[in-house]
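Let me begin by presenting the structure, written as structure tokens, before commenting on it.
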Amino acid sequence: MQKTLFVILFLACVSALSAQITQKSNVYLFDLNQYDDTTFQLSKPRYLTAFNANGYNNHPAFFNEDTLLLSVQMPGDQQPELYLFDLRNNAKTRVTQTTAGEYSPFSMEDGFRFSAVRQEYGRADTTLRLWEFPIDRLNDGRPVFKYFDNIGYYYWINSGLVAVFLVGNPNQLAIADTRTDKLTPVATNVGRCFRTLPNGNLAFVQKSTYESWKLRQKKWYGSAANEQPEDIADTVSGAEDFVVLPDGSFIMGKGTRLFHLNPKSKDRTWREIADLRFYSINNISRLALSNDMKLVLVAD
């Protein structure tokens, strides 16, 4: 019994520590043009992280159409810090400088604050907490929640509700209320990416050991919040990161290629829309999309 308990606790600790692993990665920017349901064009390619080509550059998120937030760790740095990129003026600013590591920055609804997962190192363990910061950096920010601190990933649904990936064995997707710290469970064994759809539903990836991974949606509002998540389609095999286009369709990446899915189509099939091997882009993972259709992707 004691040996089994030790194994469970060990696996949970490994899961928490591996929620944020810094490996070499780079960030690229394209303008995305959609002409119809099957025709896309990527133009104006930009390599954003040449200044740190051998380091860690990840977790892109648009603060607005011309401003991008990234988690960056230079070779020799102890932990990743947050950087703000002015895309119009080709300038970058270091936003944080702490003993903790900062990941997954997102703009908050009021436009004056942003948030990030902070990986804090204590004497005995590692804590993953969601923090919020003023964009003017007039203070050091504060934790968003008082009573739980095992947040690996998250996504703001609105100013008061946030979808959170709770690190555990198994991991859990829940909707958390910032006013009460109340958690509403949604699913277990999920991917790290969540987005809201034009219909207001929350989209996420349901992983499985034995079956294809599923892109699913969950109603979180009113009486419909009690309904079970609905399948949208299978994911691109092995992919868990996606963006949602204004028409409610999806883009995922794998390897050197990008794929598009219109959930309203009869066959709900992922169709290749671009192969980026010409740019020496490999192993596409995270994606971010601005309101004016700038597409950012993380790759080797």
Side-chain angles (χ1 to χ4, degrees), residues 12-28 48-49 51-52 55-63 67-85 92-108 113-122 125-135 137 140-145 148-156 162-168 171-174 176 178 190-195 204-205 240-243 283-289 296-300:
C13 291
V14 169
S15 177
L17 291 174
S18 63
Q20 312 288 1
I21 298 176
T22 56
Q23 298 176 338
K24 177 183 173 182
S25 52
N26 279 285
V27 178
Y28 304 85
L48 298 182
T49 50
F51 71 97
N52 189 35
Y56 174 83
N57 310 281
N58 216 318
H59 299 261
F62 282 96
F63 194 84
T67 307
L68 185 73
L69 288 163
L70 285 181
S71 182
V72 174
Q73 183 175 359
M74 305 279 198
D77 285 353
Q78 294 266 332
Q79 300 296 331
E81 306 287 355
L82 298 183
Y83 279 70
L84 185 147
F85 289 74
K92 66 180 184 298
T93 302
R94 184 170 179 170
V95 177
T96 61
Q97 188 170 0
T98 68
T99 57
E102 280 85 31
Y103 303 83
S104 300
F106 277 110
S107 169
M108 297 178 68
R113 295 173 295 160
F114 68 95
S115 55
V117 171
R118 175 170 279 181
Q119 185 168 326
E120 305 168 41
Y121 294 92
D125 57 10
T126 300
T127 300
L128 294 167
R129 290 198 291 177
L130 181 61
W131 280 64
E132 65 173 57
F133 308 90
I135 193 63
R137 291 174 288 165
D140 294 331
R142 65 180 182 87
V144 173
F145 297 104
F148 58 93
D149 54 17
N150 55 332
I151 298 174
Y153 309 98
Y154 70 100
Y155 187 77
W156 289 98
V162 55
V164 292
F165 176 111
L166 301 176
V167 176
N171 63 57
Q172 182 182 17
L173 170 62
T178 62
V190 298
R192 64 194 174 197
C193 181
F194 328 116
R195 295 291 184 269
F204 66 96
V205 170
E240 61 179 311
D241 298 295
F242 60 90
V243 291
N283 297 323
I284 297 169
S285 56
R286 289 181 171 89
L287 305 167
L289 185 70
V296 166
L297 56 90
V298 178
D300 291 353

- [ ] Could you check if a side-chain atom of P134 sits within less than 4.5 angstrom of a side-chain atom of R142, using non-hydrogen atoms only?
- [x] no
- [ ] Please say which of P80, S25, S71 ends up in a side-chain contact (heavy atoms from CB on, under 4.5 Å) with H59.
- [x] S71
Task: D300 to K24 - nearest heavy-atom pair and separation - done: OD1-O, 4.2 Å
Task: Pairwise distance CG(N150) to CG(N171) - rounded to 0.5 angstrom - done: 10.5 Å
- [ ] Looking only at non-hydrogen atoms, find the nearest pair between A299 and Y28 and report the distance.
- [x] CB-CE1, 4.2 Å
- [ ] Mind checking the CD-OH spacing from Q79 to Y56? Nearest 0.5 Å is all I need.
- [x] 10.5 Å
- [ ] Of all the heavy-atom pairs spanning P105 and A61, show the shortest one and how long it is.
- [x] O-CB, 2.9 Å
Task: Sequence-distant partners of F85, ring pair (Phe, Tyr, Trp, His ring centres under 6.0 Å), two or more places apart - done: F51
Task: L68 vs L48, side chain to side chain contact (heavy atoms under 4.5 Å, CB included): CA-CA, chis, key distance, verdict - done: CA-CA 10 Å; L68 185 73; L48 298 182; 3.7 Å; yes
- [ ] Return the minimal non-hydrogen interatomic distance between P60 and A288, and the atom names on each side.
- [x] O-CB, 3.6 Å
TODO: Check the side chains of E81 and T96 for a donor-acceptor pair under 3.5 angstrom, ignoring hydrogens and angles.
DONE: yes
Open item on the list: Any heavy-atom pair between the side chains of F62 and L289 that's under 4.5 Å?
Closed with: no
Task: Test item: E102 side-chain N/O and R118 main-chain N/O as donor-acceptor pair under 3.5 Å - done: no
- [ ] Apply side chain to side chain contact (heavy atoms under 4.5 Å, CB included) to V205 and V190, showing your working.
- [x] CA-CA 6 Å; V205 170; V190 298; over 6 Å; no
Open item on the list: Has N52 got a side-chain atom pairing as donor or acceptor with Q73's backbone, closer than 3.5 angstrom?
Closed with: yes
- [ ] Indicate yes or no: at least one non-hydrogen side-chain atom of Q119 is less than 4.5 angstrom from one of Y103.
- [x] yes
Task: Note, N58 side chain near R286 side chain (heavy atom, < 4.5 Å) - done: yes
Open item on the list: Does S115 form a side chain to side chain contact (heavy atoms under 4.5 Å, CB included) with F133? I'd like the steps, not just the answer.
Closed with: CA-CA 6 Å; S115 55; F133 308 90; 5.9 Å; no
Open item on the list: Rounded at 0.5 Å granularity, tell me how far CZ in R195 sits from CG in D241.
Closed with: 8.0 Å
Task: N57 side chain to V72 backbone, donor-acceptor under 3.5 Å - done: no
TODO: Would you indicate whether the side-chain heavy atoms of E240 and C193 approach each other to under 4.5 Å?
DONE: no
- [ ] Check step by step if side chain to side chain contact (heavy atoms under 4.5 Å, CB included) holds for V27 and L70.
- [x] CA-CA 9 Å; V27 178; L70 285 181; 3.9 Å; yes
TODO: Answer with yes or no after comparing the ring centroid distance for F194 and F204 against a 6.0 Å cut-off, counting only values under it.
DONE: no
Task: Closest approach of G152 to V117 (non-hydrogen atoms, all atoms of both residues) - done: O-CG2, 3.8 Å
Open item on the list: Quick check on ring pair (Phe, Tyr, Trp, His ring centres under 6.0 Å): which of F106, W131, F165 does Y154 satisfy it with?
Closed with: F106
Task: Where R94 and Y83 come nearest, the two heavy atoms and their spacing - done: CD-OH, 3.6 Å
Task: Euclidean distance, F145 CZ relative to T178 OG1, rounded to 0.5 Å - done: 6.0 Å
TODO: Any chance you could measure Y121, atom OH, to Q78, atom CD, to the nearest 0.5 Å?
DONE: 9.5 Å
Task: Gap between atom OG of S107 and atom CD1 of I135 - 0.5 Å precision - done: 7.5 Å
